[in-house]
**Q** 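Shown below is the structure under consideration.
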Amino acid sequence: ANLRWDSRAGNHADKVDHGTAARGTKHPQAKLDDAKVRQIFQWLEIPLTHEEIGRRLGLRQPAISRVVSGERWLTKEADELREAYRARRG
């Protein structure tokens, strides 16, 4: 059976596990896509500030900071980019 009773939190966790959660480009209000997230991490290597990156993408600095910190854009690829960026920074 594919249905079971669970809490709200359990149901949300299931959506993430099954890939049906509205994350990344699946979210109807997404202003970024995977290519722009890759670009953010490339620009960080220059290095550009979060504010400058935001200006280039038409976003505000907090949006960029949330992507970089992992608070937003929770995709496997973004997680890998974050990890690599943090490893290079030391």
Side-chain angles (χ1 to χ4, degrees):
N2 63 342
L3 296 176
R4 65 183 168 91
W5 288 101
D6 203 347
S7 66
R8 180 181 169 117
N11 287 332
H12 285 292
D14 286 347
K15 288 192 289 186
V16 172
D17 291 343
H18 301 148
T20 56
R23 289 188 167 176
T25 56
K26 291 181 182 178
H27 195 284
Q29 294 179 334
K31 295 178 182 165
L32 293 170
D33 57 30
D34 293 330
K36 288 179 182 172
V37 171
R38 282 191 298 275
Q39 185 66 63
I40 288 170
F41 286 96
Q42 289 172 355
W43 282 334
L44 286 170
E45 297 298 328
I46 290 177
L48 294 179
T49 65
H50 293 191
E51 187 174 344
E52 179 59 30
I53 293 169
R55 249 186 259 123
R56 290 180 180 208
L57 294 174
L59 300 169
R60 296 179 58 227
Q61 173 271 323
I64 304 305
S65 295
R66 289 182 185 114
V67 170
V68 174
S69 73
E71 186 180 334
R72 292 284 187 268
W73 209 265
L74 306 172
T75 63
K76 184 178 179 181
E77 181 181 11
D79 289 343
E80 291 168 357
L81 290 167
R82 255 181 233 103
E83 217 171 286
Y85 173 67
R86 288 178 183 145
R88 284 191 295 276
R89 283 183 58 204

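No hydrogens, no waters, no symmetry mates; every other heavy atom, side chains included, goes into these values.
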**Q** Does R86, at its CZ atom, have more than 12 non-hydrogen atoms belonging to other residues, nucleotides or ligands within less than 6.0 Å?
**A**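 Yes, because the 6.0 Å sphere around CZ of R86 holds more than 12 heavy atoms from other groups.
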
**Q** Keeping R72 on the side-chain end and S65 on the backbone end, is there a donor-acceptor pair under 3.5 Å?
**A**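 The answer is no, because no donor-acceptor pair under 3.5 Å joins these two groups.
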
**Q** Just verifying a value: how many Å separate R60 CZ and H50 NE2, rounded to the nearest 0.5 Å?
**A**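 Rounded to the nearest 0.5 Å, the CZ-NE2 separation comes out at 15.0 Å.
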
**Q** side-chain contact (heavy atoms from CB on, under 4.5 Å) for L32 and L59? Distances and angles first, verdict last.
**A** CA-CA 9 Å; L32 293 170; L59 300 169; 3.5 Å; yes

**Q** Go through R38 and E77 one step at a time and tell me if the side-chain contact (heavy atoms from CB on, under 4.5 Å) criterion holds.
**A** CA-CA 9 Å; R38 282 191 298 275; E77 181 181 11; 2.8 Å; yes

**Q** With the side chain counted from C-beta on, respond yes when L57 and I40 share a heavy-atom pair under 4.5 Å apart, and no when they do not.
**A**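 Counting from C-beta outward, L57 and I40 do come under 4.5 Å.
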
**Q** For a quick test of reading the model, state the closest non-hydrogen atom pair linking F41 to V68 and the distance between them.
**A**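 Smallest heavy-atom distance, with atoms named: CZ-CA, 4.1 Å.
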
**Q** Quick one: pull up CG in L48 and CD in Q42 and give me the separation to the nearest 0.5 Å.
**A**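 Going from CG on L48 over to CD on Q42, the span is 11.0 Å.
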
**Q** What distance separates N11 CG from W5 CH2, expressed to the nearest 0.5 Å?
**A**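 Taking CG in N11 and CH2 in W5, the distance rounds to 9.5 Å.
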
**Q** Any chance you could measure I46, atom CD1, to I53, atom CD1, to the nearest 0.5 Å?
**A**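 Here the rounded value is 8.0 Å.
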
**Q** Looking only at heavy atoms, which two atoms of W73 and R82 are closest? And how far apart?
**A**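 Closest approach of W73 to R82: O-NH2, 2.8 Å.
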
**Q** Measuring from H12:NE2 to D17:CG, what's the distance to the nearest 0.5 Å?
**A**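 The CG atom of D17 is 13.0 Å from NE2 of H12, to the nearest 0.5 Å.
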
**Q** Could you tell me whether the side chain of R55 and the main chain of Q61 form a donor-acceptor pair under 3.5 Å?
**A**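 Judged by distance alone, no pair lies under 3.5 Å.
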
**Q** What's the spacing between L44 CG and R88 CZ if we round to 0.5 Å?
**A**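 Output value for this atom pair is 9.5 Å.
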
**Q** Do V16 and L74 have side-chain heavy atoms sitting under 4.5 Å apart?
**A**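 The answer is no, as the side chains (C-beta and beyond) never meet within the 4.5 Å cut-off.
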
**Q** Answer yes or no: does atom CZ of R8 have more than 12 heavy-atom neighbours from other residues, nucleotides or ligands under 6.0 Å?
**A**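 Open: at most 12 neighbouring heavy atoms sit under 6.0 Å from CZ of R8.
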
**Q** Is it true that K76 and D79 have a side-chain N and a carboxylate O under 4.0 angstrom from each other?
**A**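 D79 and K76: not salt-bridged.
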
**Q** Starting from the C-alpha separation in whole Å, work towards a yes-or-no answer on side-chain contact (heavy atoms from CB on, under 4.5 Å) for E51 and I64.
**A** CA-CA 8 Å; E51 187 174 344; I64 304 305; over 6 Å; no

